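To start, the structure under review is shown below, and the notes come after it.
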Amino acid sequence: MILKRLIYILSLFFLFSSFGCETAPSEEGWNSNNQNNNQPDAGPDSSFRVTKIEPNHGPVKGGNTVTIRGFGFEEGTRIFFGEHWADPGNTVFIAQNRMMVSVPAGMTGYVNVTAQNSDMTKTTLGNGYFYDRFTFTPASGSMSGGTYVEISSPENEFNPDQTYYLGGKQLLDINLVSNNKLITKTPPHPPGEVDFEVISSEASPLITENAFLYYDTTDPAYGGMNGEEISGSLTITALNIYGKEPIANAFVMLGTNISTPFQGRTNSDGQITFASPDLQGQQMVTVAHEEFEIYSIIGFNSSEITLFLTPFDPPSNPTGGIPGVPNEVFAHLTGAVLFQDAEFEYSCDWDIMVPDPVPPGYHRAVKIYQTLGSYSVASPQVYTLTEASSCVDEFGFPFSLTIYPGSFALYALAGYQNADGSDFIPVSYGIVRNIFAGAGENLTTKIRIDRFLNHTIQVDLDNPPPLDAENGPLEYKVKLITDLGVDGYIIRKDSTQTTVDATSPLIFENQMQIYGELSDATYSIYAEANTQGSYPFSQVFKKNLVGSSSFEVDDFLGIPTPISPDGAPPENNRFSFQSSVIKPTFSQIKITQFPSGDRFWHILLNGELSSFSLPRLQTVDGVPPLPVGQLYWHIQTILVPNLDFNNFTYRYLSQTYWKSNAANGTSFSF
């Protein structure tokens, strides 16, 4: 299990460099002191070595979890991919022959994988891990095909003259967004991992081995449904969401009638199968165990389904992290800022890129930012320089930053700032791309301010939910985002606007244009009708926008409005709400105790439905008792483009895959 992060900063040694972004050299290197790394992982062994990584490849941005196999591991073992230290907060010691870690960011190609114990002994598996040339999102799908995937190329190797093959079958209906991103759907293929090939008439094929996994039941990593229609048989598997361990003796039933013949208990593998010629078409399943939140899935037609249940008492401190090492270990970056003062020439002269006249009461300033991997927050400002800052001749204005490890870009906005720092008017910028920083590393770089912020973008809101001054939503908020792919998102505070008038366009001035260092970038827009942090709200995320200075945001989902229950007990245990004109892919309903927020029941509902009934489980042994007092039911409708509900997996509960969602709720009692 992956441990949550805490804050920590190592004592670091800073080095300056004239160009690019480099890792400070190690004094010791990572030579192995145990050369026999090719033996299988089985049985006791007194030696210390790494034998295998599972899976042994992944995206350059890192963040994926892998299993490290070998011998001689301990709770203090650290793992390195090349020279990058795997996140210590996401390092899990399982046994002397097995660990789980979150892979750090790295550049395409093979790297050695090194383990280091607390006594500083090290062992290395040469070329133990490969950072993929191309990455699929999602990285797995049903053998029946039809999974819409986004394929990224960190080295910008896509172009219109190529053809693409997955498992030997040509991919059709290609949407080439940019030279680092394309969107398509998978063809049918037998189960197993398959290669991705990029074919060009002018170059050798480009291949990523085992790029995509086809599965024939439910997704082995993300559960959910297999997409094969029910025809006389239905198998249900119940797993603990923490560690995916089977839940034995859970009560399982189909439908709402507690007398149904389709009921029983899961076996030691967490499974139960119902079989009958009458078992056809859409179904409802409920799984209940006294130690877990009840879970129901309603309106599905899939012959195999895996449910993840959340325990009422989840592990508060999973066995992750390295003893004695705080979980968040930052990296450090030093360098300098320069301004273009003539073609191909740079200096400490502000005048060209931040020209006169300076507004009264303002002074010239530069703000430095790190891009982030999430679009939900603005990139934090990490350093500010002003005209009063000292310049080092032929070097520039020095800076020193504490940064989040990963794959990112560093950008600087130059402009005018007032005396108390409350207002900043950017006019020019510089950016450094493709920085890879591991935990505790020291990097150096230079940022050259050499482009003006002279681009304007107009955003129109198309049919958003109406505002309601009494019940909400109260306002519209729009974020304009520059998506740099592997390098993350540029989200500026001055690129977020609010309004109460959806009929007038929103104008975003002083924007970066998609060319030069940003030629592979795209725009994204996050828009919402919100109630300032509470229900109700409706949100839209549009991405992969290119080639225009005017964008329209549509596909808002209407606010789901509870009809019954609303304050009173539900009649016949029936729940209903007013849904959207645009049908969601699915709705997520959560019933919690009020005001504690303690879990009780989780419902996943086919997006075609806006009402459902829950079975009465009071007479069943070994299930959670009916809560006394006030409860709250949360309704969230979610639109995932091109997803069939019968192919749902738990990955689709991540906002990464959503286009729209809306939420509301109300209190009630049973």
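Being a predicted model, the structure only gives us computed values, none of them experimental. Note: hydrogens, waters and symmetry copies are ignored here, and every other heavy atom, side chains too, is used. Residue numbers run from 1 in the order of the sequence given.
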Problem set entry | Whether F668 and F575 hold their rings parallel, tilted or perpendicular, with breakpoints at 30° and 60° | perpendicular

Exercise. Does the pair K169/E197 count as a salt bridge with the N-to-O cut at 4.0 Å?
Worked result: no

For this session: For F508 and T496, work out which heavy atoms get closest and say how close.
Result: CE2-N, 4.2 Å

Exercise. Under 30°, 30 to 60°, or over 60°: which ring-plane class applies to F645 and F586, parallel, tilted or perpendicular?
Worked result: tilted

For this session: Flag the pair K583 and E608 as a salt bridge only when some basic side-chain nitrogen lies within less than 4.0 angstrom of an acidic carboxylate oxygen.
Result: no

For this session: Answer with yes or no whether the side chains of E157 and N179 bring together a donor and an acceptor at under 3.5 Å.
Result: no

Exercise. Under 3.5 Å, is there a donor-acceptor pair linking the side chains of Q511 and S495?
Worked result: yes

Problem set entry | Between D132 and T135, a side-chain donor and acceptor under 3.5 Å | no

For this session: Decide whether E475 and T499 meet the rule of one side-chain donor and one side-chain acceptor closer than 3.5 Å.
Result: no

Exercise. Is the closest side-chain donor-acceptor distance between N661 and Q539 under 3.5 Å?
Worked result: yes

For this session: Walk me through it: do D173 and K185 pass the test salt bridge (charged side-chain N to carboxylate O under 4.0 Å, His left out)?
Result: CA-CA 8 Å; D173 191 21; K185 66 178 179 178; 5.5 Å; no

Exercise. Can you say whether the rings of Y526 and Y375 are parallel (under 30°), tilted (30 to 60°) or perpendicular (over 60°)?
Worked result: tilted

For this session: Measure across H634 and Y535 and return the closest heavy-atom pair with its distance rounded to 0.1 Å.
Result: ND1-OH, 3.0 Å

Problem set entry | Shortest non-hydrogen separation from F300 to M225 and the atoms involved | CB-SD, 3.3 Å

Problem set entry | H602 and Q588 side chains, donor-acceptor separation under 3.5 Å | yes

For this session: List the steps and the verdict of ring-ring contact (aromatic ring centres under 6.0 Å, His included) for F308 and Y295.
Result: CA-CA 8 Å; F308 295 159; Y295 210 112; 9.0 Å; no

For this session: Report yes or no: is the cationic atom of K542 (NZ for Lys, CZ for Arg) closer than 6.0 Å to the six-membered ring centre of F551, at no more than 45° off its axis?
Result: no

Problem set entry | Heavy atoms of other groups near E209 CD, more than 12 under 6.0 Å | no

Exercise. Do you see a donor-acceptor pair shorter than 3.5 Å between the side chains of S610 and S579?
Worked result: no

For this session: Determine, step by step, whether T137 and Y657 satisfy the side chain to side chain contact (heavy atoms under 4.5 Å, CB included) criterion, reporting the C-alpha distance in whole Å, the side-chain angles of both residues, the deciding distance to 0.1 Å, and the verdict.
Result: CA-CA 9 Å; T137 304; Y657 301 96; 3.7 Å; yes

Exercise. Between F212 and Y214, how do the two ring planes meet: parallel, tilted or perpendicular, split at 30° and 60°?
Worked result: perpendicular

For this session: Ignoring hydrogens and angles, state whether a donor on the side chain of S200 or D161 is under 3.5 Å from an acceptor on the partner side chain.
Result: no

Exercise. Can a donor-acceptor pair be found between the side chains of S296 and W601 at a distance below 3.5 Å?
Worked result: yes

Exercise. If you draw a 6.0 Å radius around CD in Q458, do more than 12 non-hydrogen atoms from other residues or ligands fall strictly inside?
Worked result: yes

Exercise. Going by an N to O cut-off under 4.0 Å, is there a salt bridge joining K181 and D483?
Worked result: yes

For this session: Please check if any side-chain donor atom of S576 sits under 3.5 Å from a side-chain acceptor atom of S611, or the reverse.
Result: no

For this session: Decide yes or no for L307 and T237: does some side-chain heavy atom of the first lie under 4.5 Å from some side-chain heavy atom of the second?
Result: no

Problem set entry | Verdict with supporting geometry, R133 and T208, side chain to side chain contact (heavy atoms under 4.5 Å, CB included) | CA-CA 6 Å; R133 190 167 203 150; T208 290; 3.6 Å; yes

Exercise. Side chain of Y164, backbone of I199: donor and acceptor closer than 3.5 Å?
Worked result: no

For this session: Taking S534 for its side chain and T531 for its backbone only, find out whether a donor-acceptor pair lies under 3.5 Å.
Result: yes

Problem set entry | Side-chain (N180) to main-chain (P154) donor-acceptor, under 3.5 angstrom | no

For this session: Please confirm whether R451 makes a cation-pi placement over Y429, using NZ or CZ under 6.0 Å from the six-membered ring centre and within 45° of the ring normal.
Result: no

